[in-house]
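Structure first, then comments.
Letters A, B, ... mirror the listed sequences (proteins, then strands); counts begin at 1. What you see below is based on every heavy atom in this structure, not just the backbone, and it leaves out hydrogens, waters and symmetry mates.
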2 protein chains.
Amino acid sequence: MDAQSIKVACSSCNLRELCLPMGLNVEEMDKMDNVISSRRRIKRGTALFSTGEKFTSLYAVRSGFFKTCVTTADGRDQVTGFQMTGEILGMDGIVNDLHSCDAVALEDAEVCVMPFDQIEELSREFTTLQHHVHKIMSREIVRDHSVMLLLGSMRAEERLAAFLLNLVQRLHARGFSQSELILRMTREEIGSYLGMKLETVSRTFSKFVEDGIIDVKQRYVHIKDTDGLRRIVNPQTCG
Amino acid sequence: MDAQSIKVACSSCNLRELCLPMGLNVEEMDKMDNVISSRRRIKRGTALFSTGEKFTSLYAVRSGFFKTCVTTADGRDQVTGFQMTGEILGMDGIVNDLHSCDAVALEDAEVCVMPFDQIEELSREFTTLQHHVHKIMSREIVRDHSVMLLLGSMRAEERLAAFLLNLVQRLHARGFSQSELILRMTREEIGSYLGMKLETVSRTFSKFVEDGIIDVKQRYVHIKDTDGLRRIVNPQTCG
DNA sequence: CGTAGTCTTGAATTTTGTCAACAGTAGTGG
DNA sequence: CCACTACTGTTGACAAAATTCAAGACTACG
């Protein structure tokens, strides 16, 4: 077991308002601290969990950046999401007690381990936590639906614009810039997530640069014209 | 309120092993009967719920067939799923207390109304129900991921083949034929779900017919060669 | 029986993918 | 610390896939 256990407390975590314990009172937070008994460090490029592994816990991203991806029998691969600080990983495993995707760290990361049986136990006791668990799963469902919309009905430019807007919005919610970001994933991973080839991702970036909407230097992106991106995603409503 | 209330009991429902009360004991089932106090009939073409409506309940499909779809500001539309008997609708609404998609009946249908606050209350009492609620939400997440895989990495023929296999498998689990089905949705709705235009759906059906894999007459489909369909979805593994 | 909706098919066009060459970057080990 | 190497990213030319537009046939419903 390479899992490194570190005793930590939700109650003193600066992410608690983004994370699972959101909205808990002092008593509830205390109990939560007992449930979240360990953290685990994940090195860049390695998996937090993999397809077929037994499901035991949900994980809250404490630091770092993850991708989740599903793989078919014939080796096809699809990135289903990118997860950053405060986001929850592992809900795919509940239904069959097995994980149905891989969660891979795109940079050195740390997660809080939340044994699911204890989450269930505690959420029978505290309505707030119970409801929050439901909300987090529902949020994942709604998010997935918006990815389906993107994959099913948008063209390459629209997809990439929507992707950038989504990333920068989530980063901004975590105190980062609204206009600058460092991509933690390759063009190929972006392409997999957006249902396009890496060459198309690269070309589309180049087009946005030509049009003066963004600057790109490798993983660094500067959004010069947020409304320009919005217009690409939503041609009608933004004129 | 056009909702027609009919007193019914899970305990005497022939769908209980597919549906939310799966695996409950007699006592639990009794309490469940109190929660699911009404059914509602939905006419073909009308919505069980719509985007923006207040979320109050989950719904179990008792009879009939639904689609769910999300819509963008600029009128783009994406079918996110088709739901048949025993499947649960409405989980999209939990996170914001508002529905984020439309659920439209594709034929006259009937659903069991399950007020969510009562589901939560009961699932604090019964571990079995609590866990089953979690499983149902997790199953939806896993299902959504497989749709992303389909939309992100498959070509038109593969998508349609996967779609047909999935439909017939779910119908078979409900006692219908493994090889014959009646589509309840239009080519346009199939296309929206699969991220392709209705003409492409039509052409792909025609190709499958030419290749002797299926017979199609409008909404009626006869699968003559299930393995042929499997080979289309999974070129490598099925040789 | 008529009409609106649904489905099929063809031809031209657009979009994206494929293949290939090359350039830039980061990490490794001497 | 530098050079090597593997990985990542860009761009061009061409090919393949899917969309668009259009015409017409079929079906089901009132």
Between CG of A:Leu151 and P of C:dT16 the distance, given in whole Å, is 13 Å

Gap between atoms CZ and P, on A:Arg219 and D:dT10 respectively (whole Å) = 10 Å

Using only heavy-atom distances, determine whether the side chains of A:Gln178 and A:Thr226 contain a donor-acceptor pair under 3.5 Å.
-> no

Should the heavy atoms of other residues, nucleotides or ligands under 6.0 Å from CD of A:Glu188 be counted, would the total exceed 12?
-> no

B:Arg187 CZ to C:dT8 C1', in whole Å, measures 9 Å

For the pair made of CD in A:Glu210 and C1' in D:dT10, what is the distance, rounded to whole Å?
-> 12 Å

For a side chain to side chain contact (heavy atoms under 4.5 Å, CB included) with B:Leu164, tell me which candidate from B:Leu229, B:Ile232, B:Ile190 qualifies.
-> B:Leu229

Within this structure, what is the CD1-to-P distance between B:Ile190 and C:dT6, rounded to whole angstrom?
-> 12 Å

Round to a whole Å and report the spacing from CD1 of A:Ile182 to C1' of D:dG9.
-> 16 Å

Might you confirm whether atom CD of A:Glu180 has over 12 heavy atoms from other residues, nucleotides or ligands at distances under 6.0 Å?
-> yes

Between CG of A:Leu183 and P of D:dT10 the distance, given in whole Å, is 10 Å

Think A:Ser206 has a side-chain N or O under 4.0 angstrom from the OP1 or OP2 of D:dT11?
-> yes

Aromatic plane relationship, A:His99 with A:Phe49 - under 30° parallel, 30 to 60° tilted, over 60° perpendicular = parallel

Under 4.0 angstrom, heavy atoms only, what part of the nucleic acid is B:Thr186 near: base, sugar-phosphate, or nothing?
-> sugar-phosphate

Should B:Glu189 and B:Lys67 count as an ion pair when the cut-off is N to O under 4.0 Å?
-> yes

Please report, rounded to the nearest Å, how far the C1' atom of C:dT9 is from the CZ atom of B:Phe205.
-> 16 Å

Scoring nucleotides 14-30 of chain D by protein non-hydrogen atoms under 4.0 Å (B base, S sugar-phosphate only, - none) yields ---SSBBB-----S---

